[in-house]
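The block underneath contains the structure these notes are about, expressed in structure tokens.
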Number of protein chains: 2
Amino acid sequence: MSIKRKTKSLSIILSIFENRDAALSVVDLVEELKGDMNKTTVYRILERLENEGTIHSFSGTNGLKWYAKCHQCSSGHHNDVHPHFECKDCGKVECLEVNISIPNFENRNIYTADILLKGQCTDCLS
Amino acid sequence: MSIKRKTKSLSIILSIFENRDAALSVVDLVEELKGDMNKTTVYRILERLENEGTIHSFSGTNGLKWYAKCHQCSSGHHNDVHPHFECKDCGKVECLEVNISIPNFENRNIYTADILLKGQCTDCLS
DNA sequence: AATATATTTGCAACCAAGTTGCATTAACGA
DNA sequence: TCGTTAATGCAACTTGGTTGCAAATATATT
Ligand SMILES: [Mn+2]
Ligand SMILES: [Mn+2]
Ligand SMILES: [Zn+2]
Ligand SMILES: [Zn+2]
């Protein structure tokens, strides 16, 4: 089901992603929006925005769910296939716009590659 | 804390991994061992075997925890750094003994790369 | 073999992330 | 402004995983 109505909650979440490059964990987002909207609403809006091709999700450490804005995606096609990076010092999570080549396997078909890199980000390199 | 005593529960879990190449999700293992031991015991033994370097863990889809046996690891050093593969048809999860090269980044230090490949396994290629 | 001691286990309660059902509220086209 | 229908809040639930503590068990000592 696509989004039909422009509600207050929707535009709040939308503007958060518009003004932000780094990814955002759902847990943090729910916390940040406490008072503005219910956590169920947060989950539902994120799900719809992902279907729409506005944001994409991936798993961080411990399987926590993260979202980041998409670049050239639509509801039909998601282009945001790239590794994600998690800084072990400050906890920041970012999309890396690089291509990591996955070898071909004789006896398997690979459809997707979820890659989570961990290390120190620019700010934390010191 | 290292394992001090060879108990029944420990050897059950140990033999399961010895006789198995594919990875095993904790959820499935707990289910399989229902009747033999408590789930808390399963979690604790897995944790100890991982510290010991006998098995290693990683996250599958939805952040579910999986374990597979190690090859040349010890409590000090884990060599099992490799991608994991999850078959979207039969659900089987395997360790892939290949090296996927991660590029160097100017402004970041990468320490680890968690890679989860998804596709069709040999059996499911048909 | 009996005892002492320390580790392991079971159990029940808990926690955190995420989901669901349903009644209420709010967008928005007519 | 009204009626329809989508969006929301809320409480209850589910699932994977953790914790505290008392009871059980493995092993060392006598
Ligand atoms: Mn991304
Ligand atoms: Mn492995
Ligand atoms: Zn950082
Ligand atoms: Zn398969």
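Reminder, nothing fancy here: chain letters follow the sequence lines and each chain counts from 1.
With hydrogens and angles left out, the side chain of B:K65 and the base of D:dG17 share no donor-acceptor pair within 3.5 Å. Side-chain atoms of A:T40 and base atoms of C:dT20 include a donor and an acceptor less than 3.5 Å apart.
Closest contact between the side chain of A:N38 and the listed nucleotides C:dA17, D:dG9, C:dT9 involves D:dG9. Among the nucleotides D:dT8, D:dT19, C:dT19, the one closest to the side chain of A:Y43 is C:dT19. Of the candidates C:dG10, D:dG9, C:dG18, the closest approach to any side-chain atom of A:K39 belongs to C:dG18.
A:R44 pairs by the side-chain contact (heavy atoms from CB on, under 4.5 Å) definition with A:T40, not counting sequence neighbours. Not counting sequence neighbours, the partners of B:L64 by the side-chain contact (heavy atoms from CB on, under 4.5 Å) test are B:V27, B:W66. When the side-chain contact (heavy atoms from CB on, under 4.5 Å) test is applied to A:K65, the partners found at least two apart in sequence or on another chain are A:V26, A:S57, A:Y67. Residues meeting the side-chain contact (heavy atoms from CB on, under 4.5 Å) test with A:S126, sequence neighbours left out: none. A search for salt bridge (Lys or Arg N to Asp or Glu O under 4.0 Å) contacts involving A:E31 returns A:K34, not counting sequence neighbours.
A:T41 has no side-chain polar atom (N or O) that falls below the 4.0 Å cut-off from OP1 or OP2 of D:dA7.
The residue A:V27 sits close only to the backbone: its heavy atoms come under 4.0 Å of sugar-phosphate atoms, none of a base.
The distance between atom CG of B:N62 and atom C1' of C:dA16, rounded to the nearest whole Å, is 16 Å. In this structure, the NZ atom of B:K34 is 14 Å from the C1' atom of C:dG10, given to the nearest Å. In this entry the distance linking CD1 of A:I45 with P of C:dG18 reads 16 Å, nearest Å. What separates CG of B:L10 from C1' of C:dT8 is a distance of 10 Å, to the nearest Å. One can place CD of A:E47 at 12 Å from P of D:dA7, the figure rounded to the nearest angstrom. Atom CD of B:E31 and atom P of D:dT15 are 12 Å apart (whole Å). Atoms CG (A:D36) and P (D:dC10) sit 13 Å apart, rounded to a whole Å. As rounded to whole Å, 14 Å separates atom C1' of C:dT8 from atom CD1 of B:I12.
In summary, the side chains of A:T41 and A:N38 do not present any donor paired with an acceptor at a separation below 3.5 Å, with no hydrogens or angles considered.
With hydrogens and angles ignored, the 3.5 Å screen pairs a side-chain donor or acceptor of A:K69 with a backbone N or O of A:E18.
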Which atom pairs link the protein and nucleotides 22-29 of chain C when you take only N or O atoms and keep those under 3.5 Å?
residue, atom, partner, partner atom, Å
C:dA27, N3, A:R5, NH1, 3.2
C:dC28, OP1, A:K6, N, 3.0

